[in-house]
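Atoms within a ligand are numbered from 1 in the order they appear, just like the ligands themselves.
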Amino acid sequence: MLIKKSGEIKESEITPESVYNSRRNFLRAGAVGAMGALAGGLWARDSFGRPVMTQAELAGIVKSPLSTDEEQNSWEQITGYNNFYEFGMGKDDPARYAHEMNIDPWSVKVEGMVGKPGDYSVDDLIKPNKLEERIYRFRCVEAWSAVIPWVGAPLKDVLERLQPESGAKYVAFETLNRPDEMRGQRTRSLQWPYIEGLRLDEAMHPLTLLAVGLYGRALPNQNGAPIRLIVPWKYGYKSIKSIVNIKLTKDEPPTSWNVANAREYGFYSNVNPEVSHPRWSQATERPLGGFLKNKKTLMFNGYADQVAAMYDGMDLSKYH
Ligand SMILES: Nc1nc2c(c(=O)[nH]1)N[C@H]1C(S)=C(S)[C@@H](COP(=O)(O)O)O[C@H]1N2
Ligand SMILES: [Mo]
């Protein structure tokens, strides 16, 4: 595999060059060719009918001070090696088959303990925000990792507009359930639909992102189009893809991997190099594009300064 030299990607910038590169790579990755558009005017389309961001929109993306300046993984790495069990368990299954998911139209149902329940388009949820580029570290529980330039808006802003009721303590999320279009859902690799959840304070944390883009383009289907969660201090499976339901609840909601194996996957799933997975160490990780598990994993994936206080007094090996 070709590994980009450090000069090739300009950190913390979506340069015209990286946009060009991602477009070229995009053309080569035929599997994402059928991705639809977000409803409304957020995204323009290219001559193939695929969504792209206009120069004005690109220029309008705010660079976040919360971004890391570490070297970013390439578009090909981020869109070619995925976990999205709805399309199969292989790392290349999502890139192969996720185009079979129709994301246009798309609607997100908001329900439960919330002042403004209803069916929302992605634009309805996101458009009042200025889109931000957030370059985050990403750490899968399987011990591979990446650095990814997401585009999105803080979940906090979206939730505040939806007005959680005072008794709401958790937010539950659900992925699309459509076995006709998601071939992995015709198997029992997990219970469907995929479900996830956060404590409300975690959901309202400024780092928690609703992502709609990647490298200045609309999200490819395999990365969770048209809208997904990103919780950078937690193992990747908390970052649920292709969201169709958001529910505010009083009680801790069930979550897919915890339902599948509670001993191995807790509700919290905070990245923690000191708490091993029952079957492997979490002390180190393999950066995507490399062969070696040779990078030290950081407490809360490097976001401890920002998030550790939320877990004060909790036994992190018990609440894993
Ligand atoms: N709906 C859904 N969301 C999901 C998953 C999945 O299988 N289905 N896999 C999770 C896991 S294990 C990881 S590591 C990340 C991978 O995100 P990426 O493919 O964009 O890197 O998505 C998470 N979100
Ligand atoms: Mo993962």
Polar-atom distance check: [X] versus ligand 1, any N or O pair below 3.5 Å?
| X | answer |
| --- | --- |
| Asn83 | yes |
| Trp257 | no |
| Asn82 | yes |

* Asked: Counting heavy atoms only, which of Tyr265, Phe87, Tyr237 is nearest atom 10 (C) of ligand 1?
  -> Tyr237
Does [X] pair with [Y] as a salt bridge, N-O distance under 4.0 Å?
| X | Y | result |
| --- | --- | --- |
| Arg178 | Asp180 | no |
| Glu264 | Arg279 | yes |
| Glu181 | Arg186 | no |
| Lys295 | Glu70 | yes |

In the protein, what heavy atom is nearest to [atom], and what distance, to one decimal place, separates them?
| atom | value |
| --- | --- |
| atom 18 (P) of ligand 1 | Lys241 NZ, 3.4 Å |
| atom 7 (O) of ligand 1 | Tyr85 N, 2.7 Å |
| atom 8 (N) of ligand 1 | Glu86 OE1, 2.8 Å |
| atom 24 (N) of ligand 1 | Ser239 O, 3.0 Å |

* Pick one of side chain, backbone, both or neither for how Tyr194 approaches ligand 1, counting any non-hydrogen atom pair under 4.0 Å. =>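 Looking at Tyr194 and ligand 1, just side chain atoms fall under 4.0 Å.
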Which of the numbered atoms in ligand 1 are below 4.0 angstrom from a heavy atom of [X]?
| X | value |
| --- | --- |
| Arg228 | 15 (C), 17 (O), 18 (P), 20 (O), 22 (O) |
| Cys140 | 14 (S) |
| Asn223 | 18 (P), 20 (O) |
| Thr175 | 1 (N) |

* **Worked verdict on Tyr170 versus Lys247 for side chain to side chain contact (heavy atoms under 4.5 Å, CB included)** => CA-CA 8 Å; Tyr170 294 88; Lys247 186 174 185 178; over 6 Å; no
* To do: Return yes when Phe138 approaches ligand 1 closer than 4.0 angstrom through a heavy atom, no otherwise.
  =>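 Distance cut 4.0 Å: Phe138 passes for ligand 1.
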* Asked: Would you say Ser242 contacts ligand 1, with heavy atoms under 4.0 Å as the rule?
  -> no
* To do: Provide the closest heavy-atom pair for Ser269 versus Gly266 in the form atom of the first, atom of the second, distance.
  => OG-O, 2.8 Å
* ring-ring contact (aromatic ring centres under 6.0 Å, His included) partner of Tyr237, chosen from Tyr85, Phe267, Tyr265 -> Tyr265
* Asked: Within 45° of the axis and under 6.0 Å from the centre of the six-membered ring of Tyr97, does NZ or CZ of Arg183 qualify?
  -> yes
